[in-house]
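Take a look at the structure below.
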Amino acid sequence: MPTVTVATRPPKSATATDRPTTTSQLNKLPAAIKRAAKLQGFEAKPGQTLFLPANGSGPAEVLVGLGKPAEVDADRIRQAAAAYAKAVAGHQQVICTLGAGVGSVEPADAAVAAIEGIRLASYRYTTLKETTAAKRQIALKKVTLVSAGRGVKGAVVAANAVVDAVNLARDLTNEPGGSLTPEAFVAKTRKAAAGTGVRVSVWDEERIRAEKLGGLLAVNQGSENPPRFLTIAYTPKGRTPKAKVALVGKGITFDSGGLSLKTAAGMMTMKIDMAGAAAVMATMTALSAAAVPVAVTGYIPLTDNMTGGNAQRPGDVFVARNGMSVEVLNTDAEGRLVLADALSLAAEAEPDAIIDIATLTGSASAALGTQIAALMASDDKLAARVEAASARTGEKVWRLPLPEEYRGQLDSNVADLRNIGNGPYGGALIAGLFLKEFTDGRPWAHIDLGLSAMADADRGLTPKGGTGFGVRVLIDTLANW
């Protein structure tokens with residue numbers, strides 16, 4: 001993972017440098033470079049790169065396409081920087097030149113976008129590799145960001161903290177469920193939170209039972225690993241918080257489906273079922289560096305969903321933290337059960353807003369694919385905040401409805417609620433309606449990650465594996481409150 005520093009002039013030690021190029025700048029390139037670009041079909045399309053070997057003692061150059069000047073924005077720079085990182089992956093020290101900004105994008109915003117693109121695209125999960133060969137594949141160690149703009153150095157500090165948080169969430173999502181147990185997740189949280197200005201508290205099984213977190217206990221019944229409930233609190237220093245916000249993350253460290261057992265293929269990637277918890281935990285570690293002006297509390301229920309002899313059975317009923325009884329007709333719809341308790345706790349603290357994030361349904365990805373998360377909300381203003389953050393960060397969300405005419409599908413003959421609807425359609429919406437029952441009328445938004453939590457191939461900023469999706473959206477939402 002390369003480090004990024006800021007300088008006003010290029011260092012002599014770098015072996016490669018970029019040349020950001022819009023379509024209108026093609027004709028302004030030096031004659032030799034322009035000729036090489038034409039011969040090799042470089043047209044300055046967004047994300048297009050052309051590597052030009054060093055000529056003499058200077059560094060190699062990489063033409064990086066930005067497309068039409070009027071269309072250059074922060075996300076275009078972010079994607080171009082990701083392409084640049086891949087083009088120079090074999091170099092240890094490189095230069096990223098921004099000057100006084102790119103197009104109409106302010107220098108600090110351009111710097112943030114460049115850092116995110118370079119560092120996020122350079123991520124690889126190599127912790128469990130047997131040899132160091134995989135670690136040597138990505139040789140890029142240091143990037144010098146050359147910019148004369150104001151506010152760039154401060155922006156770089158915050159941007160690096162955000163990228164570190166995303167990559168922390170990726171590490172957690174990539175780790176196997178057999179080693180990332182609830183207790184291990186707690187230990188990693190304590191380590192990551194050290195020195196970040198947040199307070200961590202943990203409830204063990206005895207305390208969870210005393211606090212009447214019935215959904216978390218019900219899901220945990222079939223497991224040999226005890227559950228944990230994690231709370232992380234942040235308060236901005238030296239100012240009165242603009243608001244009080246609760247973040248809730250689903251922490252199913254592995255999901256077998258319980259007695260409503262998944263197929264073998266369906267279980268292969270179920271270590272990602274704690275991606276919501278990873279996003280919330282990682283977000284909390286970056287709030288101080290990002291100068292977030294609101295007080296934030298993260299609520300993370302942790303358990304795996306297994307098939308032990310005492311596992312909950314279809315038809316069983318539990319009582320959630322808020323006193324509502326829930327009939328469990330499908331034990332593979334377990335994420336909403338642990339979130340019910342966490343949302344209830346969050347609502348009791350009377351925050352100005354609640355945002356939950358979870359790999360909750362396959363239906364969300366059936367509707368939106370694997371690169372866009374579903375957004376549902378009880379409050380239009382809160383939804384607009386999340387959508388605006390999505391537009392700024394390039395992490396795409398799409399708002400889906402919470403149709404009241406579907407609410408009757410959650411009616412149960414034996415309990416206050418059932419945990420699934422009547423049929424195979426609208427599963428993401430039914431899950432959202434279920435969660436809404438536990439928010440006590442507080443302004444609430446729900447991000448259903450679906451399959452956007454894991455990429456099946458390298459794509460732009462996202463290498464294959466855990467994506468860390470949601471961390472940048474959450475931080476941006478809170479930073480711009």
Side-chain angles (χ1 to χ4, degrees), residues 215 231-236 239-250 276-277 279-281 283-284 287 290 292-301 320-324 335-336 338-358 360-361 364 373-393 395-407 410 417 428-449 469-481:
T231 305
I232 311 172
Y234 161 83
T235 303
R239 67 173 84 176
T240 301
K242 288 185 175 181
K244 186 165 69 171
V245 180
L247 302 181
V248 177
K250 172 187 171 184
V280 169
M281 186 268 263
T283 291
M284 298 301 299
L287 297 184
V292 165
V294 298
V296 185
T297 304
Y299 299 86
I300 301 175
R321 164 76 182 191
N322 71 347
M324 296 186 75
R336 65 199 69 181
V338 301
L339 288 175
D341 288 328
L343 288 167
S344 297
L345 277 169
E348 287 173 20
E350 299 184 346
D352 297 294
I354 302 172
I355 303 173
D356 80 72
I357 182 167
L360 205 61
T361 70
L375 171 67
M376 285 159 261
S378 63
D379 182 84
D380 290 342
K381 186 176 181 180
L382 179 57
R385 289 184 187 277
V386 177
E387 288 174 319
S390 170
R392 287 188 292 263
T393 62
E395 288 194 315
K396 295 181 180 179
V397 302
W398 190 264
R399 190 174 180 185
L400 297 179
L402 288 167
E404 282 301 317
E405 56 267 35
Y406 291 1
R407 169 59 183 81
L410 292 172
L417 290 172
L429 312 185
I430 297 296
L433 288 167
F434 180 91
L435 296 181
K436 185 182 177 184
E437 295 290 321
F438 299 89
T439 61
D440 196 30
R442 313 299 303 183
W444 159 75
H446 161 57
I447 300 173
D448 189 341
L449 293 169
F469 192 112
V471 172
R472 290 189 295 125
V473 161
L474 292 175
I475 295 173
D476 190 279
T477 299
L478 298 167
N480 288 286
W481 202 267

_Within the 4.5 Å heavy-atom criterion, are M284 and T231 side-chain neighbours or not?_
no
*Can E404 and K436 be counted as an ion pair, charged N to O under 4.0 angstrom?*
yes
*If you round to the nearest 0.5 Å, how far is CZ of R399 from CD of E387?*
6.5 Å
*With under 30° as parallel and over 60° as perpendicular, where do the rings of F434 and F438 fit, or are they tilted in between?*
tilted
*Decide yes or no on side chain to side chain contact (heavy atoms under 4.5 Å, CB included) for L402 and H446, but give the supporting numbers first.*
CA-CA 11 Å; L402 288 167; H446 161 57; over 6 Å; no
*Search all heavy atoms of I354 against all heavy atoms of L382 and return the closest pair with its distance.*
O-CD2, 3.7 Å
*Mind checking the CZ-CG spacing from R407 to L429? Nearest 0.5 Å is all I need.*
14.5 Å
_P351 backbone acceptor or donor facing R442 side chain under 3.5 Å_ = yes
*Check: S390 side chain, V386 main-chain N or O, donor-acceptor pair, under 3.5 Å*: no
_For the backbone of T361 and the side chain of D448, can you confirm whether one donor and one acceptor N or O come within less than 3.5 Å of each other?_
yes
*List the steps and the verdict of side chain to side chain contact (heavy atoms under 4.5 Å, CB included) for N480 and R392.*
CA-CA 11 Å; N480 288 286; R392 287 188 292 263; 3.6 Å; yes
*Is the backbone N or O of K244 less than 3.5 Å from a side-chain atom of D352, with the two atoms forming a donor-acceptor pair by type?*
yes
*Taking all non-hydrogen atoms of both residues into account, name the closest pair between V280 and G298 and its distance.*
CG1-CA, 4.0 Å
*What are the two closest non-hydrogen atoms of K250 and G335, and how far apart are they?*
CE-CA, 3.5 Å
_Any heavy-atom pair between the side chains of R385 and D379 that's under 4.5 Å?_
no
*Please tell me if the side chains of I357 and T283 come closer than 4.5 Å, counting only heavy atoms from C-beta onward.*
no
*Close side-chain approach of P236 to P293, heavy-atom, < 4.5 Å*: no
*asked:* To the nearest 0.5 Å, what is the distance between CD1 on I300 and CD1 on I232?
replied: 4.0 Å
*Does R472 have any salt bridge (Lys or Arg N to Asp or Glu O under 4.0 Å) partners at least two apart in sequence or in another chain, and if so, which?*
E116
*Residue pair A428 / A364: nearest heavy atoms and the distance that separates them*: CB-N, 3.9 Å
*Looking at OH of Y234 and CG of L247, how far apart are the two atoms once the value is rounded to the nearest 0.5 Å?*
12.0 Å
_Donor-acceptor check, side chain of Y406 to backbone of L433, threshold 3.5 angstrom: yes or no?_
no
_If you compare all heavy atoms of R336 against all heavy atoms of L360, which two are closest, and at what distance to 0.1 Å?_
N-CD1, 3.7 Å
*Under a 4.5 Å cut-off applied to non-hydrogen side-chain atoms, are D356 and W444 in contact?*
yes
Side-chain polar contacts of residues 338-347 - donor-acceptor pairs under 3.5 angstrom, sequence neighbours left out - could you list them?
unit_1: D341; atom_1: OD1; unit_2: R321; atom_2: N; d: 2.8
unit_1: D341; atom_1: OD2; unit_2: G214; atom_2: N; d: 3.3
unit_1: D341; atom_1: OD2; unit_2: G215; atom_2: N; d: 2.7
unit_1: D341; atom_1: OD2; unit_2: L216; atom_2: N; d: 2.9
unit_1: S344; atom_1: OG; unit_2: A340; atom_2: O; d: 2.8

*ring pair (Phe, Tyr, Trp, His ring centres under 6.0 Å) partners for Y299, two or more places apart*: none
*asked:* To check you understand the geometry: which heavy-atom pair defines the closest contact between L375 and A383, and what is its length?
replied: CD2-O, 3.9 Å
